[in-house]
Number of protein chains: 2
Amino acid sequence: MGRDTRERIMAAALTLFVERGPGATPITAVEEAAGLLPGNGSFYRHFANKAALLDAVVDRELARARKDPSAQVSHVDGTLAGQLLADLDFLNDLRSLIAILLWERGRAPELADRIQRLMVDRGVELGVADLLAETPCPTVREDVTAAAAVMMSAMIGYFLSREYFGAPPAGVTPERFTTTLAGLLTRQ
Amino acid sequence: MGRDTRERIMAAALTLFVERGPGATPITAVEEAAGLLPGNGSFYRHFANKAALLDAVVDRELARARKDPSAQVSHVDGTLAGQLLADLDFLNDLRSLIAILLWERGRAPELADRIQRLMVDRGVELGVADLLAETPCPTVREDVTAAAAVMMSAMIGYFLSREYFGAPPAGVTPERFTTTLAGLLTRQ
DNA sequence: GTCTATACCTTGATAGAC
DNA sequence: GTCTATCAAGGTATAGAC
C-alpha cells in the first residue's frame, strides 16, 4: 500500500468518527482500519495529530455536501411533497456531518455554526421560497417565516428520530410523512 | 461532608455527563465535583465503577421524568397551542436524558428504547388524542397518525435545533412556533 | 468514609533503523 | 513511508492506614 495512505486514513477516520465519535476513536484504531500496524505512529507522517485529522475530514465533508447536487434534484416533480422528499435526501447526505457534530457538541461551536447555516438557515430560507411558490394557506400567509420554521423543524425532527431514537415516529414512512406535511402547509 | 456523599456524587455526575458525556468524564472529575480529593478512589466505596454510576443516574432521571407532572400541566388553557407549549416544557424536562442518550448512542440501545417510548411514542399517542379533541382539518382527518407524527417531529426538531444547532430555526420564538403549528393542524 | 500510595492499562506522540 | 521501540500522561482500580 503506497501513496494514497492519507486518503485511506481519512476514509477510515470518517467511518469511525461517525460511529463512535472522535473522542472514542484512538489513533491506533484509525491506523489499523487504514491498513497500518497499530500503535507505531505511522499516522503521524500524514497528520500532526487527531485534531488536524478531524479538521481535514470535516472540511472535506462540508465541501462535498455544498457542491454535490445529487440529493437536491432527485424526486422533484414540482409538488411541495416531492420537494420535501428531496430535502430528506439532502439531510441524509449530511448524515456524517450531523453525527460528528453531535459527538463534538460543546467542543466545536464553530462546526455547529457551519452546519446550522448549511442546514437550518438555508432550509428555512429555501422553505420560505417553496411555500410562497405554492398557494399557501391562511396560517402560512400570516407568518411565513414561522411556517417555514415548522416545516424545517418537522423535517429535522423526523430525520433525527429515525437516526437516533431507533425508529420514525409511529412508524410513519417518508412518503406518508411528507405528503401529510405538504398537505398541512398548502391545503388550508 | 458525611452521609450524603452518594447523592453528591450522583448530582455531580449528572451535570458532567450531560455536558461532556460519560466517556469524556473521568472518575477523578466526578470526585472533585463531589468534594472528594480526586484520584484517590473514594468514589469506589459508593459505586462499583462508572457504568454502575451511569445506570443509577439514568434510572433516577427516568423515574423523575415519568412521575413529575409539573411540566405537563403548566400553560394549558384548553387550546392546542397551549398544549404544545406545555409539551415543549416536557421536552425540556427530558433535557438531561436526551443529552446523555445522544452521548451514549450506539452503546446504549436499551436507553434509546426507553426514551423513544417515553418521548416519541407517548407523544404521538397523546398527540392523536389532542388532534381528535379539536375539529381537525381534512389533511389531519385523512391520516391522523401521520399528522401526529408531523406534530411530534416538529416539536422534537424545534427543541433539538435550539439545543444542539445553536439557535431556534430562523429565530422563531416558542410562542410563534406553537401558534403556527397549532394553526396548521386545526384551521384547514 | 476518606485519605496515601501505588500498580496497571490505554493512548498520544517521538526517535531512529530500514 | 512504514516499522521497532519507547515514553510520558492520564485514567481505572485496589490495598491498607487513619
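Naming convention: chains lettered A, B, ... in sequence-line order (proteins, then strands); numbering from 1 in each chain.
Geometric assessment of B:Arg117 against the ring of A:Phe165 yields a negative cation-pi assignment under the 6.0 Å and 45° thresholds. The side-chain tip of A:Arg105 points at the ring of B:Trp103 from less than 6.0 angstrom away and within 45° of straight on.
Between B:Glu31 atom CD and C:dG1 atom P there is a gap of 15 Å when expressed in whole angstrom units. If you measure from atom CD1 of A:Ile9 to atom P of C:dG12, you get 14 Å, rounded to the nearest angstrom. Here the P atom of nucleotide C:dG1 and the CG atom of B:Leu37 are 17 Å apart, to the nearest Å. Computed from coordinates, the A:Glu32 CD to D:dT2 P distance equals 15 Å when rounded to whole Å. Put simply, CZ on A:Phe47 is 15 Å from P on C:dG12, counting in whole angstrom units.
Put simply, the side chain of B:Arg6 gets close to the backbone of B:His46: a donor and an acceptor are under 3.5 Å apart. Side chain of B:Arg187 to main chain of A:Pro138: no donor-acceptor pair is present (N/O by atom type, distance under 3.5 Å, no hydrogens or angles).
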Taking protein heavy atoms under 4.0 Å as touching, what does nucleotides 13-18 of chain D look like 5' to 3' if B marks base contact, S marks sugar-phosphate-only contact and - marks none?
-> BB-B--

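Partners of B:Glu19 under the salt bridge (Lys or Arg N to Asp or Glu O under 4.0 Å) rule, at least two apart in sequence or in another chain, do not exist in this structure.
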Report, one line per pair, each donor and acceptor closer than 3.5 Å where one atom sits in a side chain of residues 23-36 of chain A; sequence neighbours left out.
unit_1, atom_1, unit_2, atom_2, d
A:Thr25, OG1, A:Gly21, O, 2.7
A:Glu31, OE1, A:Gly39, N, 3.0
A:Glu31, OE2, A:Gly41, N, 3.2
A:Glu31, OE2, A:Ser42, N, 3.2
A:Glu31, OE2, A:Phe43, N, 3.1

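Phosphate contact (OP1/OP2 of C:dT10, side-chain N/O of A:Thr28, threshold under 4.0 Å): absent.
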